[in-house]
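The next block holds one structure in the form of structure tokens; read it before the comments.
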Amino acid sequence: MQYLQALQNLVQDYLLLSICVGFFSSFIESFIPMLPLVAIVTANAALFGMVKGFLISWLGSVTGTICLFLLVSKIGENSKLLEKIKNEKDKKSNIMGG
């Protein structure tokens, strides 16, 4: 219980920094899906309140997802690896279908 009170005091003292940490933890979860989003949202809700914590987590997750989509679509435009994968799938589908 003592640790939770110390954490609450730390969040109150460094409000902007703690909001950035909450936001970027949700943001990073979009790139590394093994991280537990439920735990991140729960921690943000516990530290900032239900509505504010959920909003911080939601904004971080949405922003991270959009950035990941833009990054993958930009990389995928000129990727030789993507073309190789497409060609292999086309060959497999032609063998099976015809």
Side-chain angles (χ1 to χ4, degrees):
M1 191 69 179
Q2 182 182 6
Y3 297 115
L4 293 177
Q5 188 62 35
L7 189 59
Q8 285 284 359
N9 291 337
L10 188 66
V11 166
Q12 289 174 355
D13 291 343
Y14 300 103
L15 184 64
L16 185 61
L17 180 64
S18 60
I19 288 174
C20 289
V21 168
F23 176 85
F24 283 114
S25 61
S26 299
F27 183 88
I28 295 298
E29 193 277 334
S30 297
F31 290 88
I32 307 171
M34 286 90 50
L35 295 176
L37 183 61
V38 173
I40 293 169
V41 172
T42 303
N44 283 340
L47 291 174
F48 301 112
M50 184 63 91
V51 174
K52 190 175 179 183
F54 178 75
L55 186 64
I56 291 168
S57 298
W58 180 76
L59 287 172
S61 184
V62 167
T63 307
T65 303
I66 291 171
C67 288
L68 181 63
F69 170 76
L70 293 174
L71 180 70
V72 169
S73 65
K74 193 67 167 175
I75 290 172
E77 286 177 354
N78 299 324
S79 176
K80 292 182 180 182
L81 177 65
L82 187 63
E83 289 180 22
K84 182 178 178 182
I85 291 171
K86 283 183 181 178
N87 287 338
E88 288 177 8
K89 287 186 178 180
D90 287 342
K91 288 177 185 177
K92 286 181 183 179
S93 65
N94 288 337
I95 292 171
M96 296 287 212

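Owing to the predicted nature of the structure, the values given are computational and were not obtained by experimental measurement.
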What pairs of donor and acceptor atoms, side-chain ones from residues 52-62 against any protein atom, are under 3.5 angstrom apart with sequence neighbours left out?
from: S57; atom 1: OG; to: N44; atom 2: ND2; distance (Å): 2.7
from: S57; atom 1: OG; to: G53; atom 2: O; distance (Å): 3.1

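- Contacts classified as side chain to side chain donor-acceptor pair (under 3.5 Å) and involving residues 13-24 (residues at least two apart or in different chains) are not found.
- Of all heavy-atom pairs spanning L71 and F31, the tightest one is CD2-CE2, 4.2 Å.
- Atom CG of L68 sits about 7.0 Å away from atom OG of S30, to the nearest 0.5 Å.
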Q) Given the rule in the side chain to side chain contact (heavy atoms under 4.5 Å, CB included) test, do L70 and K74 qualify, once you have shown the distances and angles that lead to the verdict? A) CA-CA 6 Å; L70 293 174; K74 193 67 167 175; over 6 Å; no
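- Transitive grouping of hydrophobic side chains (ILVMFWY, heavy atoms separated by less than 4.5 Å) keeps I40 and F48 in distinct clusters.
- The cluster map of Ile, Leu, Val, Met, Phe, Trp and Tyr, joined by side-chain heavy atoms under 4.5 Å apart, puts V11 and I19 in the same cluster.
- Classification of the F24-F27 ring pair by plane angle, with boundaries at 30° and 60°, yields perpendicular.
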(Q) I32 vs L35, test: side chain to side chain contact (heavy atoms under 4.5 Å, CB included). Steps then yes/no. (A) CA-CA 6 Å; I32 307 171; L35 295 176; 4.1 Å; yes
